[in-house]
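Below: the structure, in structure tokens.
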Amino acid sequence: MGIIQTNIALYAFERFGDAVLRAAYSRTGNLSEAEDITQDVFLKLHAHPENFNDDEHLKAWLLRSVINKCINYHKSFAKKNRIELEDTDYFTRTCNFNDDDNEVIDAVRELPPKYAAVVHLYYYEGYSIKEIGELLGKNENTVSSILQRARKKLKKILEEDML
Amino acid sequence: MKNNRYKKSMDKIRCSEEFRTEMTKKLSEPIDSDTEYADSVSDVEYAPKRNFIKYAVVGAAACFAIGGVGYSILGGISRNDGSDDKNHFAANSSIVETTGNEEGITEIAPEIPLEEITDIAPEIPIGYVEVSPEKIALAEKEIYPVLIEKAIAFCEGNITLFFVKDGGLAGGESDSYGRGVIIDNYELSSYFKELSSIYWMKAENEMEFTMTANNTFELGEVFLYEQCVYIMDENLHDPDIFYPATINDIEAYSKIYNALRSCPLVDDEAENTTEDLTENTTNAAEVADANFPPLSVLEELAGLDYSPETCDGLPEHILTTDDGTVYQINLTDKWVWRNGSEEAKLPETLAKRIYVLLSLDAFSSEDIPVTYTKPDHDSENQDENEELENELANKLQVEENDLIEPTTVTTSINEEIEEN
């Protein structure tokens, strides 16, 4: 049994568009970049439709794709030449962010991208370490180690912010 | 951070209506198989294929790790805050500019103005490559055109310099000034003295490394990638940046190397990389061997001009060859004693080679007809230490007996206070 959809990309976007955007954001720390990457992921699926067993399969594929895209984007010419814009105001306006949210988001933004991705998958998407390992193609120990370091870093960042 | 805070905040991030409408429209359009999806994505321009960067990075990094560490540990590199050498650097170097294409050095350009060099130089970490001419050619050909971000490759006899550029790595990009430079025939030693002794290079994000024994290291995540050890510096806030071990990490380097040398790579692509890149070298020991073959080191040791022993130094390393010759080596003062009766001054180049080989544990290989031992100076002094300990224990016992009761002291102090 697979997902039967005439337009799998549109279905995926409606179902997981926000999740992909969040994952992209967790990796890039920039909402407009995250939107670009999200768009790219769904357009790719639109151009090359794939078969998925179920929604979870689809979601895992999307998350894996978005993380890969983030890696490419991170190294791309576009990223290098993009003028970095402060996203905080944008968040405040468009996402109803308060100071608390900004603090958390800023802390995550300060994390190295790879850490942020693991934190996001673990804390937001609720994947287990084993599942994250499978999703990212990494050893469980690696994921565990990254998560541990990410926690320490977050703690440090948030403590510094409190001072 | 509390988990629910993160979730709560992330929940607020949603696709804007504008974005949602635009995406729905795009995804509702029929698929045009002739149109590559990426073309329709604004702002996302992928870096060109550049696997050669990976090859070059790994190749050069191996040279950094092997040659640089050995050289610098032995005093080749130190910090110097003066700026005179920088001026010398700019003024005396002939500079060749390229256009950043993959053809290599294409034209000779005027010198970069002195101000520009001096503005940047203090921030540039450097590395030293002690390599064969073939590897120099590799560095020039492969690294140079792509201008690895935040990396400088030094080659014997000439210097390949890549200026720092913020942002990600893209194939074929230029440096901050839109160009790359190669500086020939510069005095390496004077330049080393004034720049950081940390070498690092950017590696591809996709590089997958086997992590098995690295969780205990405090220097950051450590990986063995073929002939190099890369250390992930968390302080850089970018875990995708790896660089070879620094001179300060030499102990960790050898420890890591020993722990991980047998680890297989997990990435097929990485394995292919290895085949392409390292026809002659497959691991750190072989790289070391290629540069400083252990056997040639033994031959050089045997060929030194020995004289009857007069020096009182302590050996730091002992090498015993299969024919029974014992070489006691002191790398700090650069002396070698043969069979405990003769001594010779250790040439600096030979000392460097021995140091690198020891760091890589190369003498432990079964193929090498030599046994390495670490002198046990502690056991020699064991009896003496025991005597001292007994003496100290007796003394403490006596002092304990002589101690005044604390309550007596308190009482007398209180009495004095009352009197006053």
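Every chain is numbered from 1, with letters handed out A, B, ... down the list of sequences.
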Rounding to 0.5 Å, atoms CZ (Phe13(A)) and CZ (Arg20(B)) come to a distance of 5.0 Å
For chain A, which candidate among Asp11(B), Thr24(B), Leu27(B) shows the most heavy-atom pairs at distances under 4.5 Å? Leu27(B)
Closer than 3.5 angstrom, by distance alone: can the side chain of Asp18(A) be matched with the main-chain N or O of Ile13(B) as a donor-acceptor pair? no
Run the side chain to side chain contact (heavy atoms under 4.5 Å, CB included) check on Gln39(A) and Met23(B) step by step: do they pass? CA-CA 7 Å; Gln39(A) 177 178 242; Met23(B) 281 301 294; 3.5 Å; yes
I'd like to know if the side chain of Arg22(A) reaches the main chain of Arg14(B), judged simply by a donor and an acceptor atom lying under 3.5 Å from each other, with no hydrogens or angles considered. no
Please identify each residue that fulfils side chain to side chain donor-acceptor pair (under 3.5 Å) with Tyr127(A), with sequence neighbours left out. none
Between CZ on residue Phe19(B) and OG1 on residue Thr38(A), distance to nearest 0.5 Å: 5.0 Å
Of all residues at least two apart in sequence or in a different chain, which pass the side chain to side chain donor-acceptor pair (under 3.5 Å) check with Thr21(B)? none
Spatial distance of atom OG (Ser28(B)) from atom CG (Leu10(A)) [nearest 0.5 Å]: 4.5 Å
Could you go through the side chain to side chain contact (heavy atoms under 4.5 Å, CB included) check for Cys15(B) and Glu35(A) one step at a time? CA-CA 8 Å; Cys15(B) 298; Glu35(A) 282 183 348; over 6 Å; no
